[in-house]
Amino acid sequence: MLRLHDTATGLVAPVPERDPGSVGLYVCGPTVYGPPHAGHGRFVLVYDVLRRYLEHTGKAVRHVSNVTDVDDKIVDRARAERRDWRDVAAESEEQWWRAMDALGALRPGVVPHATEHVAEMAELVAELVARGHAYETSDGVYLACDTVEGYGMLAHQSVDSLRAGARVAVSEEKRSPVDFALWKKAKPGGPTWPSAFGPGRPGWHTECVVMSLGLLGEGFDLHGGGLDLVFPHHENERAQAVALGRRFARLWVHNGLVTVGGEKMSKSLGNYVELEDLLASADPRAYRMLVLRSSYRSPLEVGEAALADASAALGRVDELARRIGTLRDERGAASGEVDGLARTRKSVGDRFGAAMDEDLATPRALADLLVAVRDANRLLDSGDVTAGRSLGRAALEHLAVLGVEPGAASDRPGTAVLELAGRREEARRSGDYAAADALRSEIAALGWQVDDSPSGPHLRR
RNA sequence: GGCGGCGUGGCCGAGUGGCUUAGGCAAGGGCCUGCAAAGCCCUGUACAGCGGUUCGAUUCCGCUCGCCGCCUCCA
């Protein structure tokens, strides 16, 4: 059974199942106002792995992840570029999915958009005011955090200490610096929707409450997002639900942030690496390996060195997949092999599960699988094809659970390369090694490498 | 100022009161190979500093130093 670290309690606890056999997961998605960066890639991969693993263990996962398609940043950019804010959002969202598809992340089952739920948000705000938990000012409607039981639970801070540390300019009309906007009254030029408080638009923290409760229902199982969303975003979501008297998320998961040179990567700091650039220079699976290699809650340093490192490790996986694939052609499944595979699969799976169940310990799970890869290679080297193949397959199957699809060698050598390789092999057989080496250089110039093996030459990128 | 976390061998990065070296990358040596590559084998003896608890601590407690995150938008 999977146990996860819960931000609210600070403890590792079993993943709750409000409805036995299924898990409701709400992940705070992107605000679509620009290209996604490496940090976005990480958080998507983390929850992708969580979801894949839950499904691997037989759970039905209701994976909901929103897209914030109305926000100050979208509006500001649209204004600066003199275009419709909807265009900016739509274009950025397309960019988002392109990048996430490239990463091999499964799309969430449901992707609600903030703009589709504004009416419900306006209703929610009105209800909060009616209940005495929110108040209206000249520029909007605010939640009175003092009135909410347990406010500060996720931040692990009291309202007083949050107030003491507040760096926000205190508006005259706000009762407390920690109070936050539920509804922003219309400003000239921006998008607006009607509400009981006049035209305006919802505050960011309101949308996720409406969409998570609306789509997953009260007391849903998991709520996730980046560590930087703990406060104030998630705190404020929870506050609204509590003020409404509705049971909110049972367990809070937060992933660590991506760092560059030891510092948090963020759009506002300007030190971000765009995902598209990252993926252009590396196998997207290498980034996944990098993400899997460290604990999902730790900071993750991203850079060329780290990526090259992960990429080399990935090469081992691909190489084994290639070996096994080649062997499959050489002989069919012998009798008894099926049993062997089943046994091996179970022992690899048990170790894998033990690591993953403990707060999604992908570094350990991955290390174990790489040991299995090495052992499989050793067995194959020693001529024990059956055992080697079983172990190798079991390892590859579990890597696939983590989303590392081995040997996705989509490109095949062209005829020019094949022809050169043929000529080289001829030269080699006839003992003309000088010619063979020259041909190898030509092949290398075309981006391919020739590996000689007992079963003949192999080409790879 | 408040809260949370971190400091592990050349680098990245897990983990643990003693038992046996996580894993990856890089490096050196070897097997294999015409040569390579790949694969495999061997080698490195780490846990910020100072105290304390303990038969024994890298692993628990305290302090010091350093770093990071949150307290404003942010995955």
Side-chain angles (χ1 to χ4, degrees), chain A residues 7 10 27-31 33 36-47 65 71-73 76 152 154-158 160-169 177-178 180 204 224-233 235 254-259 262-269 272 289-290 293-295 297-301 303 305-306 308-316 318-320 322-323 355 358 361-371 373-382 428-429 431-434 436-437 440 444 449-454 457-458 460:
Chain A
T7 308
V27 182
C28 280
T31 298
Y33 69 97
H37 58 62
H40 295 114
R42 182 194 195 184
F43 107 81
V44 165
L45 287 171
V46 164
Y47 296 102
S65 189
D71 174 90
D72 286 341
K73 289 189 173 158
D76 291 348
L154 288 173
H156 296 287
Q157 298 237 47
S158 67
D160 283 346
S161 59
L162 284 167
R163 182 184 291 149
R167 288 174 287 171
V168 201
V178 293
F180 60 93
W204 177 41
L227 204 55
D228 52 355
L229 295 186
V230 174
F231 191 93
H233 186 54
E235 190 76 57
H254 290 98
N255 61 278
L257 306 177
V258 165
T259 60
E263 291 214 306
K264 168 186 168 180
M265 169 186 298
S266 77
K267 289 184 183 174
S268 48
L269 291 179
Y272 62 89
M289 289 288 276
L290 192 58
R293 211 173 61 163
S294 67
S295 158
R297 294 198 279 132
S298 305
L300 177 67
E301 176 73 17
D309 190 316
S311 190
L314 181 64
R316 296 170 64 77
D318 284 346
E319 179 58 20
L320 177 68
R322 209 217 76 219
R323 279 187 93 173
E358 215 176 297
T362 56
R364 248 170 65 210
L366 187 62
D368 284 345
L369 292 176
L370 288 171
V371 168
V373 166
R374 187 221 290 144
D375 290 346
N377 272 316
R378 186 185 9 222
L379 288 165
L380 293 172
D381 282 353
S382 74
R428 210 169 72 85
R429 279 175 198 256
D432 186 355
Y433 295 120
D437 289 348
R440 170 148 59 197
Q449 181 176 312
V450 192
D451 298 343
D452 292 321
S453 81
H458 289 288
R460 68 191 170 92

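Here is how names work: the chains are called A, B, and so on, in the same order as the sequence lines, proteins then strands, and each is numbered from 1. Side chains included, hydrogens not; waters and symmetry mates left out as well; all remaining heavy atoms used.
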| request: Report yes or no: do His458(A) and Arg322(A) form a side-chain donor-acceptor pair below 3.5 Å? | output: yes
| note | Answer for the Watson-Crick or wobble partner of rG17(B), both distances under 3.5 Å, is none
| query | Quantified in whole Å, what is the C1' atom distance between nucleotide rC70(B) and nucleotide rC50(B)? | reply | 30 Å
| message | With rounding to the closest Å, how many angstrom separate the P atoms on rU43(B) and rG23(B)? | response | 12 Å
| request: Give His37(A) one of three labels, base, sugar-phosphate or nothing, depending on what nucleic acid heavy atoms sit under 4.0 Å from its own. | output: base
| said: Side chain of Ala367(A) only, heavy atoms from C-beta on: which candidate in rC25(B), rA22(B), rC71(B) is closest? | reply: rA22(B)
| query | Just to confirm, is there a sub-4.0 Å distance from OP1 or OP2 of rC3(B) to any side-chain nitrogen or oxygen of His156(A)? | reply | no
| Interatomic distance where CG belongs to Leu366(A) and P belongs to rG24(B) [whole Å] | 10 Å
| said: Looking at Arg42(A) and Gly256(A), would you say the former's side chain and the latter's main chain have a donor-acceptor pair under 3.5 Å? | reply: yes
| query | Nearest of rA38(B), rA75(B), rG23(B) to any side-chain atom of Asn255(A)? | reply | rA75(B)
| query | Taking atom types as they are modelled, is there a donor-acceptor pair under 3.5 Å from the base of rG2(B) to the side chain of Gln157(A)? | reply | yes
| Want to settle it: does Glu301(A) or Pro363(A) sit nearer the 5' end of RNA chain B, counting the closest nucleotide to each? | Glu301(A)
| task | May I have the distance from His233(A) (atom NE2) to rC73(B) (atom P), rounded to whole angstrom? | result | 11 Å
| request: Output the single nucleotide from rA14(B), rG34(B), rU72(B) whose closest atom is nearest the side chain of Pro232(A). | output: rU72(B)
| field | Nearest-angstrom distance, P atom, rA48(B) to rC40(B) | value | 32 Å
| query | Does Thr7(A) offer a backbone N or O that forms a donor-acceptor pair with the side chain of His156(A) under 3.5 Å? | reply | yes
| field | Under 3.5 Å on both distances, the Watson-Crick or G-U partner of rC60(B) | value | rG52(B)
| query | Given rG39(B), rA75(B), rG15(B), which nucleotide is nearest the side-chain atoms of Thr31(A)? | reply | rA75(B)
| task | Report the distance from atom CZ of Arg364(A) to atom P of rA14(B), rounded to the nearest whole Å. | result | 12 Å
| said: Using a heavy-atom cut-off of 4.0 Å across all strands, would you classify Ser298(A) as base, sugar-phosphate, or nothing? | reply: sugar-phosphate
| message | Between rU21(B) and rC35(B), how many Å separate the two C1' atoms, rounded to a whole number? | response | 34 Å
| message | Once you apply a heavy-atom cut-off of 4.0 Å, does Ser382(A) come out as touching a base, just sugar-phosphate, or nothing? | response | nothing
| Is any NZ, NE, NH1 or NH2 atom of the basic residue among Asp160(A) and Arg163(A) found under 4.0 Å from an Asp or Glu carboxylate oxygen of the other? | yes
| query | Between Tyr47(A) and Ser65(A), is there a donor-acceptor pair closer than 3.5 Å when you use the side chain of the first and the backbone of the second? | reply | no
| message | Does Arg323(A) contact rA38(B) through a side-chain donor or acceptor facing the base, at a distance under 3.5 Å? | response | no
| request: Please examine the side chains of Tyr33(A) and Asp72(A), heavy atoms only from C-beta on, and report whether any two atoms are closer than 4.5 Å. | output: no
| task | For Asp309(A) and rG13(B), give me the distance from atom CG to atom C1', rounded to whole Å. | result | 9 Å
| query | Checking all strands, does Leu290(A) fall into the base, sugar-phosphate, or nothing category for heavy-atom contacts under 4.0 angstrom? | reply | nothing
| task | Looking only at side-chain atoms of Asp451(A), point me to the closest of rA36(B), rG39(B), rG69(B). | result | rA36(B)
| task | Tell me what Met289(A) touches on the nucleic acid: a base, only sugar-phosphate, or nothing, going by heavy atoms under 4.0 Å. | result | nothing
| request: Give one of base, sugar-phosphate or nothing for Ala306(A), where a contact means two heavy atoms less than 4.0 Å apart. | output: nothing
| note | Taking rG23(B), rC71(B), rC73(B) as options, the one with an atom nearest any side-chain atom of Arg374(A) is rG23(B)
| query | Side chain of Thr259(A), backbone of Pro299(A): donor and acceptor closer than 3.5 Å? | reply | no
| Of the candidate nucleotides rC35(B), rG24(B), rA37(B), which contains the atom at the shortest distance from the side chain of Gln449(A)? | rA37(B)
| said: Applying a 4.0 Å non-hydrogen cut-off, can you work out what Arg163(A) is touching in the nucleic acid: base, sugar-phosphate, or nothing? | reply: nothing
| On a whole-Å scale, what distance lies between the C1' atoms belonging to rU54(B) and rA14(B)? | 26 Å
| message | So if I take every side-chain heavy atom of Lys264(A) and compare against rG39(B), rC12(B), rG69(B), which nucleotide ends up nearest? | response | rG69(B)
| message | Under a 3.5 Å cut-off for both contacts, is rC40(B) paired Watson-Crick or G-U wobble with anything, and if yes, with which nucleotide? | response | rG30(B)
| field | Side-chain donor/acceptor of Glu301(A) to backbone N/O of Gly262(A), under 3.5 Å | value | yes
| d(CG, Asp228(A); C1', rC3(B)) in whole Å | 16 Å
| said: Rounding to an integer number of Å, can you tell me how far Asp318(A) CG sits from rA37(B) C1'? | reply: 16 Å
| said: Quick check: any donor-acceptor pair below 3.5 Å linking the side-chain of Arg440(A) to the base of rC35(B)? | reply: yes
| Separation of atom CG in Leu300(A) from atom P in rG13(B), rounded to whole Å | 8 Å
| request: Find which nucleotide of RNA chain B each of Asp368(A) and Val258(A) is nearest to by heavy atoms, and output the residue with the more 5' nucleotide. | output: Asp368(A)
| request: Look at all strands and tell whether Gly262(A) reaches a base, only sugar-phosphate, or nothing, counting heavy atoms closer than 4.0 Å. | output: sugar-phosphate
| field | Nearest-Å distance once atom P is located in both rG56(B) and rC71(B) | value | 45 Å
| query | When we call it a touch if two heavy atoms are under 4.0 Å apart, what does Val450(A) touch: a base, just sugar-phosphate, or nothing? | reply | base
| Pairwise P distance, rG15(B) and rU8(B) [rounded to whole Å] | 14 Å
| message | Less than 4.0 angstrom from a charged side-chain N to a carboxylate O is my criterion; do Asp381(A) and Arg323(A) meet it? | response | yes
| Contact class for Leu227(A) vs. all strands (heavy atom < 4.0 Å): base, sugar-phosphate, or nothing? | nothing
| Atom pair distance, as rounded to whole Å: NE2 in His458(A) and P in rC32(B) | 20 Å
| message | Could you check whether the side chain of Asp432(A) and the base of rG34(B) have a donor-acceptor pair of N or O atoms closer than 3.5 Å, going by distance alone? | response | no
| task | Would you indicate, yes or no, if rC41(B) has its OP1 or OP2 atom less than 4.0 angstrom from a side-chain nitrogen or oxygen of Arg378(A)? | result | yes
| request: Return no unless some side-chain N or O of Ser294(A) is found under 4.0 Å from OP1 or OP2 of rG23(B). | output: no
| field | Stacked pair Tyr433(A)-rG34(B), distance under 5.5 Å, angle under 30° | value | yes
| Taking the side chain of Val371(A) as its heavy atoms from C-beta onward, which of rC73(B), rG23(B), rC40(B) lies nearest to it? | rG23(B)
| field | Donor-acceptor pair, side chain of Gln157(A) and main chain of Gly152(A), under 3.5 angstrom | value | no
| task | Have a look at Gly315(A) and say if it touches a base, only the backbone sugar-phosphate, or nothing, with a 4.0 Å heavy-atom cut-off. | result | nothing
| said: Please give the distance between the C1' atoms of rA57(B) and rC19(B) as a whole number of Å. | reply: 15 Å
| said: Let's test this: given Watson-Crick or G-U wobble pairing with both distances under 3.5 Å, identify the partner of rC6(B). | reply: rG66(B)
| query | With a 3.5 Å cut-off and just heavy-atom distances, do the side chain of Asp452(A) and the base of rC35(B) make a donor-acceptor pair? | reply | yes
